[in-house]
Amino acid sequence: MSVISIQRFPEPQYLADNKEQWLAAFLRKRAVGPSVRPNSRQYGHKEIRSVLFSMSHGKCYYCERKLREEDGEVEHFVGVATEPELAFDWPNLYLSCRSCNQAKRRRTYAVNECLDPCNPDVPPEEHLTFDDEYVRPKNNSEAGRKTIQKYRLDRDELDHLRVKQLHRFERFLRMLQEKKRASGNPITKDELAQVARFGRPEHEFSLMFRVYLEALNA
Ligand SMILES: [Zn+2]
């Protein structure tokens with residue numbers, strides 16, 4: 001995503017070694033106090049966070065902004081209030097920036113109504129698009145609209161970061177056009193690859209750039 005398509009790496013050994021014990025302790029406490037949360041120092045341990053961080057090329061799974069590794073928050077895609085058994089379940093651990101994680105806590109929509117960045121069967125580009133830096137549901141997609149609301153992907157902070165990246169992109173395209181005009185030579189393969197780089201998975205806001213690159217190619 002925003003909602004990027006993320007391919008999950010194998011479960012970190014540290015989680016595999018500890019999860020049963022952690023889960024048993026958490027479920028015991030929860031039986032007494034139903035509002036007890038799992039220990040974030042366990043599921044959010046840096047050895048687990050670091051694998052989640054590599055999986056997304058250092059980006060928040062929801063808004064696609066670049067993170068510093070220590071700022072990434074390990075969180076549960078399906079909330080532990082609904083599914084306590086998934087508190088230490090590897091496929092349920094995601095990495096988020098603080099703002100997306102906070103937006104999510106307002107529980108506007110259940111996760112199964114929204115896009116899942118780790119589900120390769122639901123390409124985000126079929127549900128989300130952009131007008132300039134503003135994210136929109138594509139073709140009135142319900143899942144797209146709910147995802148934008150759930151994670152507040154339309155917040156000012158993101159519009160501001162996206163417009164800065166868009167300006168970089170536009171400056172780069174202008175520079176190529178001017179060079180082409182001045183030299184009379186066509187744009188080289190290498191330069192085209194540099195344009196395409198904006199839409200690569202490791203690039204910040206790659207989904208937005210894919211929308212623009214597609215429009216350029218059309
Ligand atoms: Zn985010």
Side-chain angles (χ1 to χ4, degrees), residues 1-120 124 146-153 155 157-158 161 201-207:
M1 313 204 298
S2 323
V3 199
I4 16 177
S5 297
I6 292 166
Q7 225 188 338
R8 191 161 285 271
F9 291 174
E11 180 176 34
Q13 197 56 46
Y14 186 73
L15 180 62
D17 291 345
N18 291 289
K19 65 181 178 187
E20 277 176 34
Q21 187 198 335
W22 288 342
L23 181 64
F26 165 59
L27 293 178
R28 270 197 308 275
K29 283 187 199 148
R30 198 175 178 276
V32 187
S35 63
V36 169
R37 301 266 318 153
N39 188 339
S40 64
R41 281 200 303 268
Q42 294 174 339
Y43 68 79
H45 188 277
K46 63 176 173 7
E47 290 197 26
I48 298 168
R49 189 179 55 196
S50 152
V51 178
L52 292 168
F53 185 81
S54 305
M55 273 164 53
S56 68
H57 305 275
K59 296 186 288 188
C60 169
Y61 286 23
Y62 303 108
C63 71
E64 248 204 292
R65 70 185 294 181
K66 284 271 183 189
L67 296 169
R68 289 188 309 175
E69 189 168 329
E70 62 274 27
D71 293 338
E73 298 189 353
V74 179
E75 54 102 35
H76 301 95
F77 186 64
V78 179
V80 285
T82 10
E83 295 283 351
E85 301 280 344
L86 298 182
F88 302 99
D89 184 50
W90 175 233
N92 194 39
L93 297 181
Y94 286 46
L95 191 76
S96 165
C97 72
R98 167 153 297 186
S99 306
C100 286
N101 201 7
Q102 275 172 353
K104 186 187 165 176
R105 288 203 195 108
R106 291 176 307 146
R107 298 203 186 105
T108 40
Y109 297 109
V111 286
N112 58 13
E113 297 176 86
C114 299
L115 298 173
D116 176 352
C118 296
N119 179 358
K146 289 177 175 174
T147 303
I148 293 170
Q149 283 186 17
K150 185 174 181 80
Y151 303 100
R152 290 298 319 277
L153 299 180
R155 58 187 188 264
E157 175 200 26
L158 289 175
L161 290 169
E202 60 273 21
H203 201 281
E204 193 171 35
F205 306 125
S206 65
L207 179 62

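Just so you know, these numbers use all the heavy atoms, side chains as well, and skip hydrogens, waters and symmetry mates. Sequence positions, counted from 1, serve as the residue numbers for this chain.
A donor-acceptor pair under 3.5 Å is formed between the side chain of W90 and the backbone N or O of F9. Not one N or O on the side chain of K146 forms a donor-acceptor pair closer than 3.5 Å with the backbone of T108. With hydrogens and angles disregarded, a donor-acceptor distance shorter than 3.5 Å links the side chain of E64 to the backbone of L207. Distance alone, capped at 3.5 Å, places no donor-acceptor pair between the S206 side chain and the E202 backbone. Here the side chain of S56 pairs no donor or acceptor atom with the backbone of Y61 at under 3.5 angstrom. No donor-acceptor distance shorter than 3.5 angstrom exists from the side chain of K66 to the backbone of F205, with no hydrogens or angles considered. Using a distance-only test at 3.5 Å, with no hydrogens or angles considered, no donor-acceptor pair links the side chain of R152 to the main chain of Q102.
The closest side-chain heavy-atom distance from P12 to E47 is not below 4.5 Å. When side chains are defined from C-beta on, L27 counts as touching E85, because their heavy atoms get closer than 4.5 Å. Counting heavy atoms from C-beta outward, C63 and S99 have side chains that stay 4.5 Å or more apart. In this structure, S50 and E69 have side chains that are in contact, with non-hydrogen atoms separated by less than 4.5 Å. The shortest side-chain heavy-atom distance between Y109 and T147 does not fall under the 4.5 Å cut-off.
For the atom pair CG of L158 and SG of C100, the computed distance is 6.0 Å after rounding to the nearest 0.5 Å. In this structure, CD1 on I48 lies 7.0 Å from OH on Y14, to the nearest 0.5 angstrom. Here the CG-CD distance, from N18 to Q13, works out to 9.5 Å after rounding to the nearest 0.5 Å. Y62 contributes atom OH, which lies 4.0 Å from atom NZ of K104 (distance to the nearest 0.5 angstrom). Rounding to the nearest 0.5 Å gives a distance of 8.5 Å between CG of D71 and CZ of R49. Rounded to the nearest 0.5 angstrom, F88 CZ and N39 CG are separated by 7.0 Å.
The side-chain contact (heavy atoms from CB on, under 4.5 Å) with Y94 is formed by just one residue from the set E75, E73, M55; it is E75.
Between A87 and L23 the shortest heavy-atom distance is CB-CD1, 4.5 Å. Minimum interatomic distance between R8 and L52 (heavy atoms only, all atoms of both residues): NH1-CD2, 3.9 Å. Nearest heavy atom pair, residue V111 against residue K150, reads CG1-CE, 4.0 Å. Between R30 and V80, the closest heavy-atom pair is NH2-O, 4.2 Å. The shortest non-hydrogen separation linking G72 to L67 is CA-CD1, 3.9 Å. In terms of heavy atoms, L115 sits closest to P124 at CD1-CA, 4.4 Å.
By the 6.0 Å contact criterion, CZ on R106 is enclosed, its count of non-hydrogen atoms from other residues, nucleotides or ligands being greater than 12. The neighbour count for E70 CD, taken as heavy atoms of other residues, nucleotides or ligands under 6.0 Å away, is above 12.
Partners of N92 under the side chain to side chain contact (heavy atoms under 4.5 Å, CB included) rule, at least two apart in sequence or in another chain, are H76, F77, V78, L86, D89.
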